[in-house]
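Everything on this sheet refers to the single structure shown next.
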There are 2 protein chains.
Amino acid sequence: MNHPKTPRVSLGQRKTRQRDEISEVIRSAQGPLTVQEIYERTQQSVPGLGIATVYRTLNLLQEAEQIQTVILPTGETRYEMSGLGHHHHFHCRSCNEVYDLDDCPVTVQTGAAVGEGFVVETHELTLYGLCPECIEAA
Amino acid sequence: MNHPKTPRVSLGQRKTRQRDEISEVIRSAQGPLTVQEIYERTQQSVPGLGIATVYRTLNLLQEAEQIQTVILPTGETRYEMSGLGHHHHFHCRSCNEVYDLDDCPVTVQTGAAVGEGFVVETHELTLYGLCPECIEAA
DNA sequence: CTAAATGCAAAATCTTTGCAGCCTC
DNA sequence: GAGGCTGCAAAGATTTTGCATTTAG
């Protein structure tokens, strides 16, 4: 019996500086970030990192359910780590910063709010206003 | 004194079939429509109407505050007539149809939900689930 | 070494804009 | 008629993809 070269069936992904840094930037943020923010922040530790790599990595992390997309009612797309549980966001209209909310102020009276026959499974909420820093600065 | 030709200062916009139809399509919808939906529906009464005209008219109507943009948490941009008052939307995850809600199930406890120092001025809510037709079809 | 990951640039989307001809007013 | 409006096509903006090269394992 001969020794067939073990066919390396490596399905796993590789660990790279780029991916590590992109993950880290998202993980250490206090709220969801835009692609541009992620791109700019990763430049500091991994100069030359391409925007395509950011997009590719974001899609990967999303499929791996390590991060999730947050699309604000303004149309702005942002990314944050998943596993934060049910929560919503506060969007400061002055500095544009987005904060995570701990509480959910929504109580959905299933039929009432919509009309008979609708089944509400989930909801998305975004609050707008001014954050403490912008109020102070005003 | 001579008679200078009265300079026609017509700042107003003109009434055209295209604009009429785009307005009408939005006004007669039961919920916010996508650009494609508006485009397709107008083709029926005004064949040849270009997509650029749809975009231009949507921007016009928006500046005139006759319609407003609705961006769903999926990233889908839709348009609906304004003057509907404070309301939210129900998005059917099966047929993708969007319905207007009459009731607002959100009671924001200003400080509580966010933390001290935040001032909540407004909010956006989208409910997800199944509409009556899709439940029936299931 | 081998194949996955990267960076660059080209391609694919979606939306806006320039321009010649058309149509309101 | 004059100037706004339209349709077409080109230009932007954003995200994805192809490919040669680099790099992790």
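Note on naming: letters A, B, ... go to the chains in the order of the sequence lines (proteins, then strands), and numbering restarts at 1 for each one. No experiment lies behind these values; they were computed from the predicted model shown.
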Tell me the closest heavy-atom pair linking [X] and [Y], and the distance in Å.
{"X": "B:Cys95", "Y": "B:Cys134", "answer": "CB-SG, 3.5 Å"}
{"X": "A:Tyr79", "Y": "A:Val35", "answer": "CE1-CG2, 3.6 Å"}
{"X": "B:Thr42", "Y": "B:Ile22", "answer": "CG2-CG1, 3.8 Å"}

Classify the side chain of A:Arg14 and the base of C:dA3 as holding, or not holding, a donor-acceptor pair under 3.5 Å. yes
Would you mind reading off the distance between [X] atom [atom1] and [N] atom [atom2], rounded to a whole angstrom?
{"X": "B:Glu63", "N": "C:dT16", "atom1": "CD", "atom2": "C1'", "value": "13 Å"}
{"X": "A:Leu58", "N": "C:dT6", "atom1": "CG", "atom2": "C1'", "value": "15 Å"}
{"X": "B:Arg19", "N": "C:dT24", "atom1": "CZ", "atom2": "C1'", "value": "11 Å"}
{"X": "A:Ile71", "N": "D:dT15", "atom1": "CD1", "atom2": "P", "value": "10 Å"}
{"X": "B:Arg78", "N": "C:dT15", "atom1": "CZ", "atom2": "C1'", "value": "18 Å"}
{"X": "B:Asn59", "N": "D:dT6", "atom1": "CG", "atom2": "C1'", "value": "15 Å"}

Would you mind telling me which of D:dG25, D:dC5, C:dA5 lies closest to the side-chain atoms of A:Gln13? C:dA5
Phosphate OP1/OP2 of D:dC5: any B:Arg17 side-chain N/O under 4.0 Å: no
Hey, does the side chain of B:Thr16 come within less than 4.0 Å of D:dT6's phosphate (OP1/OP2), counting only N and O? yes
Should the ring pair B:His123 and B:His88 be called parallel, tilted or perpendicular, given that the plane angle runs from 0 to 90° and is split at 30 and 60? tilted
DNA chain D: A:Val35 or B:Leu60, which has the more 5' nearest nucleotide? B:Leu60
What verdict does the salt bridge (Lys or Arg N to Asp or Glu O under 4.0 Å) test give for B:Arg41 and B:Glu21, after you've listed the backbone C-alpha separation in whole Å, the side-chain angles of each residue and the deciding distance to 0.1 Å? CA-CA 9 Å; B:Arg41 295 185 191 190; B:Glu21 187 55 22; over 6 Å; no
Does any N or O in the side chain of A:Gln43 come within less than 3.5 Å of the main-chain N or O of A:Leu49, such that one atom is a donor and the other an acceptor? yes
Contacts of type side-chain hydrogen bond (donor to acceptor under 3.5 Å, both in side chains), residue B:Gln68, not counting sequence neighbours: none
By a strict heavy-atom criterion of less than 4.0 Å, which residues belonging to residues 36-56 of chain B are in contact with DNA chain C? B:Ala52, B:Tyr55, B:Arg56
